[in-house]
Structures are given as structure tokens and as C-alpha cells.
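Throughout, a chain's letter reflects where its sequence line sits, starting with A, and its residues are numbered from 1. All of these numbers come straight from a predicted model, not from anything done at the bench.
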2 protein chains.
Amino acid sequence: MDKPDQEKKEPEDAFTISALAEEFDISTRTIRFYEEKNMIFPQRTDGNQRIYSRRDRARLKLILRGKRFGYSLEEISEIIGMTEVDFDEENQIKKALKFGKRRLAEIRERINELKLLEQDLLSFQENIKTRLDSLNTSPK
Amino acid sequence: MDKPDQEKKEPEDAFTISALAEEFDISTRTIRFYEEKNMIFPQRTDGNQRIYSRRDRARLKLILRGKRFGYSLEEISEIIGMTEVDFDEENQIKKALKFGKRRLAEIRERINELKLLEQDLLSFQENIKTRLDSLNTSPK
DNA sequence: TAGACAGCTTACGTTAACGTTAACTTTTGA
DNA sequence: TCAAAAGTTAACGTTAACGTAAGCTGTCTA
């Protein structure tokens with residue numbers, strides 16, 4: 001009863017646009033829009049329909065992740081564009097490295113800021129709890 | 001030579017709109033816009049000019065921080081609105097607590113996602129370095 | 001084999017978050 | 001004191017990131 005997974009006819013590595021849309025809970029329009037913006041490049045079938053590889057899917061995931069912490073599509077393009085650099089020249093590589101360091105620094109800053117907000121909210125919670133207690137201790 | 005700081009005539013707790021704009025590197029229009037959206041409520045002078053208290057300033061800071069991790073102004077309004085709840089009723093307090101818990105969970109999730117991205121970028125960096133090394137080890 | 005349904009392109013519509021301009025008033029510094 | 005700098009309201013403009021609708025084609029299934 002434990003056959004290797006093989007449910008549909010999809011070659012395991014190809015996704016339709018609607019499959020991805022459902023998986024990530026976005027519209028097909030959104031996915032096509034990202035393509036318009038040259039952020040993702042699916043192949044086409046004979047009938048001109050888009051087919052997304054596992055790699056395309058990963059890229060889409062990255063885009064959405066970027067969005068979730070407030071990067072604009074343009075910034076995301078830069079970030080993921082970085083992962084596509086041609087490794088022809090050493091210089092290119094070094095530039096990519098440097099760029100990556102900046103990004104890393106930014107991300108760590110964001111993490112720290114979020115932790116700050118977390119603290120803000122936590123102390124606020126404490127504040128509320130105290131008030132609640134005093135309400136119950138000395139009612140009316 | 002170490003007199004207590006006292007440079008201008010500002011009562012140490014009042015800020016002009018342009019002072020805040022400069023401090024946070026945003027436009028005065030932006031600050032007024034937040035007021036339009038009922039996110040901040042400065043007092044007025046006799047001449048009808050806005051004066052911002054230390055508290056207003058903190059709030060502005062919060063708004064901007066929220067923006068930096070991708071919250072919309074509306075979401076930010078909810079978050080900071082929470083810190084303004086009237087503590088009239090126990091029920092209100094409990095609601096605020098619950099709401100805060102959700103927000104905290106969200107924020108922690110964001111932190112985790114960011115750490116994920118950090119890892120992605122880090123391993124990518126390693127990848128690049130390796131390539132760079134092999135370039136230098138076996139040149140041409 | 002005919003619907004029904006998924007997908008495609010094109011194009012116009014919408015909303016959030018300000019930018020910009022105009023026309024006017026208040027504040028400030030030499 | 002008086003002109004420049006800073007502030008005010010009102011209104012229209014702009015851009016990113018999609019939503020929506022139309023008109024057509026390709027694909028699946030009973």
C-alpha cells in the first residue's frame with residue numbers, strides 16, 4: 001500500500017498555473033504579472049500554455065516570501081536576480097558576494113527590528129495583564 | 001562646559017513637522033497623510049501649526065517601523081490602535097490580550113521566515129565562495 | 001464530439017500611499 | 001519690520017501591484 005507516489009500524469013516536475021495559484025493562494029493573474037515583470041520564465045506547451053518547473057516554483061516561493069517582509073517587486077527582482085549571476089568573470093562573482101553581504105546585513109537588521117517590536121508588544125501584554133489582575137483583585 | 005542641553009526654545013517635548021520629517025527622512029506630506037488617516041493626532045499652535053509631542057513622535061516611529069516589515073497602513077492602524085484601547089471593561093481587556101497574542105505569533109513567524117531567508121542567502125554565499133576558490137586554484 | 005472548463009492576450013479599472021502644485025498664512029531672523 | 005522660510009488646506013497627479021472583463025483558443029470528459 002505504499003507505492004511510490006505517482007498520482008496524476010504530471011511528470012512530477014511540471015506545474016500548471018492554476019496548481020501554483022492554488023498552492024500559494026494567489027491568483028493566476030498575479031503569476032502572469034510576475035512574468036510580465038520578468039521575474040519568472042515558464043516554458044510553454046505546444047498549445048501555448050505555461051508550464052512551471054520545480055525551479056520556477058521555488059522562485060515563485062522566493063518572490064512571495066520577499067513580499068511578506070515588505071520588499072517591493074523591484075527589490076525582490078534584485079535579490080533573486082543576484083542568484084542568477086553568470087559566473088563568467090571573477091569580478092562578477094566578487095560583486096555578487098558584496099551585494100549578498102549587504103542583503104544579509106539588511107535582513108539581520110530587520111530581524112532585530114522585529115525582535116524590538118516583539119518586546120514592545122510583550123511589555124504591553126504585561127501591562128494589560130496587570131490591569132486585569134487589579135480589576136479582579138479589587139472588583140467594583 | 002557641560003551645561004544641560006538646551007539649544008533652542010523647544011520645550012524639549014515639542015517637535016515641528018519638518019523636524020520630524022528630517023529626523024525620520026520622510027516628507028512633511030507623509031506625516032500629514034498619516035494624520036489624515038487618523039494614525040497620529042498632533043496639537044495645534046495659536047497660528048494653527050502642528051506641534052508633535054514626544055508621544056506623537058514615538059507613534060510615528062512605530063508606524064515607520066511597521067512599514068519596514070511590510071505592514072499596510074491599515075494593518076499598522078490595527079496594531080497601534082490596540083495600544084490605545086480603553087480599559088473600561090474587562091471584556092475589552094481580554095480582547096486586547098487575545099489580539100496581542102495573534103500579533104505576537106505573526107511577528108514570530110516573520111522572524112522565523114527571515115531567518116530562513118538568511119540561511120538561503122548564506123548557503124548561496126558559500127556556493128559563490130567555493131566557485132571563487134576553484135577559480136583561483138585552477139586558473140585559466 | 002460538444003460542452004465545460006482552463007488558459008491566453010489585451011486592455012482598462014482600482015487602491016494604497018504618497019508627490020506636486022497652487023494659493024494663502026505664520027513664524028523667524030537680519 | 002519685512003522678506004524669506006516654514007506651515008496650512010485643497011485638489012489633482014502618479015506609481016506599484018494587481019483585479020476584472022472581453023474575446024478567443026486549447027484541453028478534458030461524459
Closest of C:dA17, D:dC18, C:dG19 to the B:Lys67 side chain is C:dA17

Winner on side-chain proximity to A:Thr16, out of C:dG7, D:dA17, C:dT26, is C:dG7

Rounded to whole Å, CG of A:Asp46 lies from C1' of C:dG7 at a distance of 15 Å

For B:Arg29 and D:dA10, is the shortest distance between a side-chain N/O and OP1 or OP2 below 4.0 Å?
no

Separation of C:dA17 atom P from B:Lys37 atom NZ, nearest Å, is 7 Å

Picking from C:dG7, C:dG19, D:dG7, the nucleotide nearest the side-chain atoms of A:Ile17 would be C:dG7

Next on the checklist: OP1 or OP2 of D:dG7 versus the side-chain N and O atoms of B:Ser18: is any pair under 4.0 Å?
Outcome noted: yes

Judged by nearest nucleotide, the residue sitting upstream toward the 5' end of DNA chain D, A:Thr30 or A:Gly47, is A:Thr30

Side-chain contact check for B:Gln49: nearest option of D:dG19, C:dG19, D:dG7 is D:dG7

Discussion item. Can you confirm whether A:Gln43 is buried at CD, in the sense that more than 12 heavy atoms of other residues, nucleotides or ligands lie under 6.0 Å from that atom?
Written reply: no

| said: Measuring to OP1 and OP2 of C:dA16, would you say a side-chain N or O of B:Ser72 lies under 4.0 angstrom away? | reply: no

A:Glu35 atom CD is separated from D:dA17 atom P, nearest whole Å, by 17 Å

Taken to the nearest whole Å, CZ/A:Arg44 to P/C:dC8 is 6 Å

Notebook entry, point to check: Is the shortest heavy-atom distance from the side chain of B:Phe15 to the side chain of B:Asp56 under 4.5 Å?
Noted result: no

In this structure, CZ of B:Arg57 is separated from CD of B:Glu23 (nearest 0.5 Å) by 4.0 Å

I want to check one thing: is the phosphate of D:dG26, taken as OP1 and OP2, less than 4.0 Å away from some side-chain N or O of A:Thr45?
no

_Short side-chain N/O contact to C:dC8 OP1/OP2 from A:Arg50, under 4.0 Å_ = yes

- Heavy-atom distance under 4.5 Å between the side chains of B:Phe24 and B:Lys61, does that happen here? yes

In whole angstroms, the gap separating C1' of C:dT9 from CZ of A:Phe33 amounts to 16 Å

Just to be sure I understand the rule, does B:Thr28 reach a base, reach only the sugar-phosphate, or reach nothing, if contact means heavy atoms closer than 4.0 Å?
nothing

d(B:Arg44 CZ, B:Arg50 CZ) to nearest 0.5 Å is 4.0 Å

Taken to the nearest whole Å, CG/A:Asn48 to P/D:dC24 is 17 Å

Taken to the nearest whole Å, CD1/B:Ile51 to P/D:dA6 is 19 Å

Taken to the nearest whole Å, CD/B:Glu36 to C1'/D:dT8 is 12 Å

If you compare every side-chain N and O of A:Tyr34 against the phosphate oxygens of D:dA17 (OP1, OP2), does one of them come in below 4.0 Å? no

Side chains of B:Ile51 and B:Thr16: closer than 4.5 Å at any heavy-atom pair?
no

query = Is the distance from OP1 or OP2 of C:dA6 to the nearest side-chain N or O of A:Arg32 less than 4.0 Å?
reply = no

